[in-house]
Amino acid sequence: MKLEVLGVEKVFSGRSGENRALTPISFEVGSGEFVSIIGPSGCGKSTVLNIVAGLDNASAGKVILDGREVHGPSSDRGMVFQHYTLFPWLNVLDNVCFGQRLKAQKRSKDATFIQTQRATNLLNLMGLKDFHKSFPRELSGGMKQRVAIARALLNSPRVLLMDEPFGSLDAQTREEMQVLLCFLSQHEKSTILFVTHDVEEAIFLSTRIIVISARPGRILAQIQVPFPTERGLDIKLSIEFLKLKARIVHMLHQETVLNKDALLKNLLSQETPGMPASI
Ligand SMILES: Nc1ncnc2c1ncn2[C@@H]1O[C@H](COP(=O)(O)OP(=O)(O)OP(=O)(O)O)[C@@H](O)[C@H]1O
Ligand SMILES: [Mg+2]
């Protein structure tokens, strides 16, 4: 599996003119990699992911998956969003099997049975053994996201795209989900492109981190994470982890500081009647 993002740019046109969200960005994701994209709010992280998912078009550049250009959504790219996207009228197992059942007409009964078994196993693995028949309204936020991840994994996508999937969770549940995702990604040998604001989360989960600048987004750095793929929460306390965290936080801080400076310059350059030119 090879995902190539080649010179992808995005300019949104709206009532207030053109909004350049991404300058040309290029990167690759290979089989079994867990790549996180991190950057300030509004830098274009979701835009990149939506373009890779085929939910939005690039203004220039292209996305290639295993040699074929991406032109729209497909089950070879599973997506998990920040906000819960389960069908409220379906129970947990039916939510997970939904995509597979759409394909079921083309399949034998045996294949459908095997998929249902796999869904059951995935849900059990994710600590949802007693909740197969529950409806989304009966689940906590973390449980709903586990169902959404199981649904995405069941389709065996070539690459799993995750846009701040733990963004709405409390700190403790978020950490539990990180451990679960770390385990699952190895168990399922998944390839994942993951968006987050959280530097710790990015380091803990990833094999590589792509740091993006403030809008319009461009790649500031690609950092290989120097930890074994099998990790426990204890690595978060190691010196190497803290040093890497400091390096990335510093990079992101520079982006924010630069923006604040530009903002201040802009404010001061605007003449306000009755105000001195400099404060
Ligand atoms: N559909 C749209 N129409 C117009 N502008 C858009 C649209 N979607 C995103 N943008 C703009 O593109 C830029 C990047 O947005 P995007 O949602 O990709 O940022 P992000 O990095 O995901 O931010 P956050 O971390 O807050 O989720 C922003 O300036 C945003 O206003
Ligand atoms: Mg976003």
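Start at 1 and go down the list; that is how both ligands and their atoms are numbered. No hydrogens, no waters, no symmetry mates; every other heavy atom, side chains included, goes into these values.
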Query raised in the report: Between the side chain of T191 and the main-chain N/O of G32, is any donor-acceptor distance below 3.5 Å?
Result: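 Present.
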
Main-chain N/O of A214 paired with E255 side-chain donor or acceptor, under 3.5 Å:
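Present.
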
Can you list the atoms of ligand 1 that are under 4.0 Å from a heavy atom of [X]?
X	result
T47	14 (C), 15 (O), 16 (P), 18 (O)
R215	13 (C), 28 (C), 29 (O)
H197	25 (O)

* To do: Give a yes/no verdict on a cation-pi contact between R231 and F227, requiring under 6.0 Å between NZ or CZ and the six-membered ring centre and an angle within 45° of the axis.
  =>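 Relative to the ring axis of F227, which defines the angle, R231 lies outside at least one limit.
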
- prompt: Quick one: does NZ or CZ of R151 land under 6.0 Å from the six-membered ring centre of F87, within 45 degrees of the ring axis?
  reply: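 Yes.
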
> So, for L169 and G141, which heavy atoms are closest and what is the spacing to 0.1 Å?
Replying inline: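 Heavy-atom minimum between the residues: CD2-C, 3.5 Å.
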
State plainly whether the residues [X] and [Y] are in salt-bridge range, i.e. N to O under 4.0 Å.
X	Y	value
D66	R158	yes
E188	R118	yes
E4	K62	no

Shortest protein contact, [atom] (heavy atom only):
atom	result
atom 8 (N) of ligand 1	F12 CZ, 3.4 Å
atom 17 (O) of ligand 1	S46 CB, 3.8 Å
atom 23 (O) of ligand 1	G42 N, 2.8 Å
atom 26 (O) of ligand 1	S41 OG, 2.6 Å

Point to revise | ligand 1 contact on N19 by region, counting heavy-atom pairs under 4.0 Å | key: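 The part of N19 near ligand 1 is the side chain, not the backbone.
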
Given that the side chain starts at C-beta and the backbone is N, CA, C, O, which of these parts of E164 lies under 4.0 Å from ligand 1, counting heavy atoms, or is it both or neither?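 Within the 4.0 Å criterion, E164 contacts ligand 1 through side-chain atoms alone.
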
**Asked** How about S46: does one of its N, O or S atoms come closer than 2.8 Å to the Mg ion (ligand 2)?
**Response**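 It does: S46 brings an N, O or S atom closer than 2.8 Å to the Mg ion (ligand 2).
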
- Task: Could you name the option among S13, G44, A214 that has the heavy atom nearest to atom 19 (O) of ligand 1?
- Result: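 Shortest heavy-atom distance from atom 19 (O) of ligand 1: G44.
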
- Select the closest option to atom 25 (O) of ligand 1 among K45, Q82, K10, judged by heavy-atom distance.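 The option holding the nearest heavy atom is K45.
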
Distance-only side-chain donor-acceptor flag, N155 / S75, under 3.5 Å: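 No.
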
- Query: Below 4.0 Å from any atom of ligand 1, is there a heavy atom belonging to G39?
  - Reply: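 No heavy atom of G39 comes that close to ligand 1.
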
